[in-house]
Amino acid sequence: MPSFRAFLNSPVGPKTTHFWGPVANFGFVAAGLADVKKPADMISGRMTAVLCVYSLLCMRFGYMVRPRNYLLMGCHAANESVQLYLLSRWAMGQRKTVDYSNE
């Protein structure tokens, strides 16, 4: 019980935005996982690239902020993985739809 109380009152515990912000950001991961089943032509390359950059920046922020927010880093690492997979699917889909008849 003392360890739970220490977590509850810690600077990154559930009484702070350092906890609830990353928990809410797992919605990005859930949305990305839902997009995995969509066809590659339905994936927005620009939005996926922006989410990749966003997650990289937020992972760095989660590491550099004091106290270190490992929950934020983990959330954005998961999102980065999903978005990179979606970006690769989008790129492969774009490669398949290129028209080579003009060459």
Side-chain angles (χ1 to χ4, degrees):
M1 194 66 170
S3 62
F4 178 72
R5 186 168 302 216
F7 167 71
L8 193 63
N9 295 320
S10 75
V12 291
K15 293 182 178 180
T16 67
T17 58
H18 289 284
F19 178 81
W20 291 109
V23 168
N25 274 328
F26 272 106
F28 288 130
V29 179
L33 289 173
D35 286 348
V36 167
K37 296 186 180 198
K38 291 184 179 177
D41 60 339
M42 296 289 295
I43 297 171
S44 169
R46 288 184 183 179
M47 189 66 205
T48 304
V50 166
L51 282 170
C52 284
V53 172
Y54 164 76
S55 286
L56 279 174
L57 292 173
C58 286
M59 277 193 300
R60 182 186 182 282
F61 175 79
Y63 184 76
M64 298 302 288
V65 71
R66 298 286 183 226
R68 289 207 167 122
N69 194 337
Y70 294 112
L71 184 59
L72 184 66
M73 280 181 54
C75 157
H76 285 290
N79 188 37
E80 184 71 21
S81 301
V82 171
Q83 297 303 326
L84 284 173
Y85 174 70
L86 289 174
L87 194 61
S88 70
R89 282 190 60 226
W90 173 81
M92 285 187 279
Q94 292 297 311
R95 194 171 355 148
K96 289 179 183 176
T97 60
V98 172
D99 182 20
Y100 292 108
S101 63
N102 292 337
E103 293 180 3

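We use all heavy atoms of the structure for the numbers below, so side chains are in, but hydrogens, waters and symmetry mates are not. Just so you know, these numbers come straight off a predicted model, no measurement behind them. Start at 1 with the first residue, then count along the sequence.
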Cys75 and Val29: which non-hydrogen atoms are nearest, and at how many Å?
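Cys75 and Val29 have their closest heavy atoms at O-CG2, 3.7 Å.
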
What are the two closest non-hydrogen atoms of Cys52 and Gln83, and how far apart are they?
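Looking at all heavy atoms of both residues, the closest pair is SG-CB, 3.6 Å.
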
Sidechain-backbone polar pair: Ser88 side chain, Tyr85 backbone, donor-acceptor under 3.5 Å
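Looks like yes, one N/O pair under 3.5 Å.
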
Expected list for residues 32-44: side-chain donor-acceptor pairs under 3.5 angstrom, two or more places apart:
| unit_1 | atom_1 | unit_2 | atom_2 | d |
| --- | --- | --- | --- | --- |
| Asp35 | OD1 | Lys38 | NZ | 3.2 |
| Ser44 | OG | Met47 | N | 3.3 |

Within a strict 4.5 Å, meaning less than it, do heavy atoms of the Thr16 and Pro11 side chains meet?
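Heavy-atom side-chain distance check fails, nothing below 4.5 Å.
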
Pairs in or reaching into residues 58-86: which pass salt bridge (Lys or Arg N to Asp or Glu O under 4.0 Å), with residues at least two apart or in two chains?
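Salt bridge (Lys or Arg N to Asp or Glu O under 4.0 Å) check on residues 58-86 returns no pairs.
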
Give, for atom OG of Ser55 and atom CG of Leu72, the distance between the pair rounded to the nearest 0.5 Å.
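CG of Leu72 is found 9.5 Å from OG of Ser55.
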
What about the rings of Tyr54 and His76, do their centers lie closer together than 6.0 Å?
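They qualify: ring centres under 6.0 Å apart.
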
Same cluster for [X] and [Y] if Ile/Leu/Val/Met/Phe/Trp/Tyr side chains link at under 4.5 Å?
X: Tyr70; Y: Met59; answer: no
X: Leu84; Y: Met73; answer: no
X: Val82; Y: Leu87; answer: yes

Above 12 or not: heavy atoms from other molecules or residues under 6.0 Å from CZ of Phe61?
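Not buried by this count: 12 neighbours or fewer within 6.0 Å.
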
Counterpart residues, ring pair (Phe, Tyr, Trp, His ring centres under 6.0 Å), relative to Tyr63 (two or more places apart)
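With sequence neighbours excluded, Tyr63 shows a ring pair (Phe, Tyr, Trp, His ring centres under 6.0 Å) to no residue whatsoever.
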
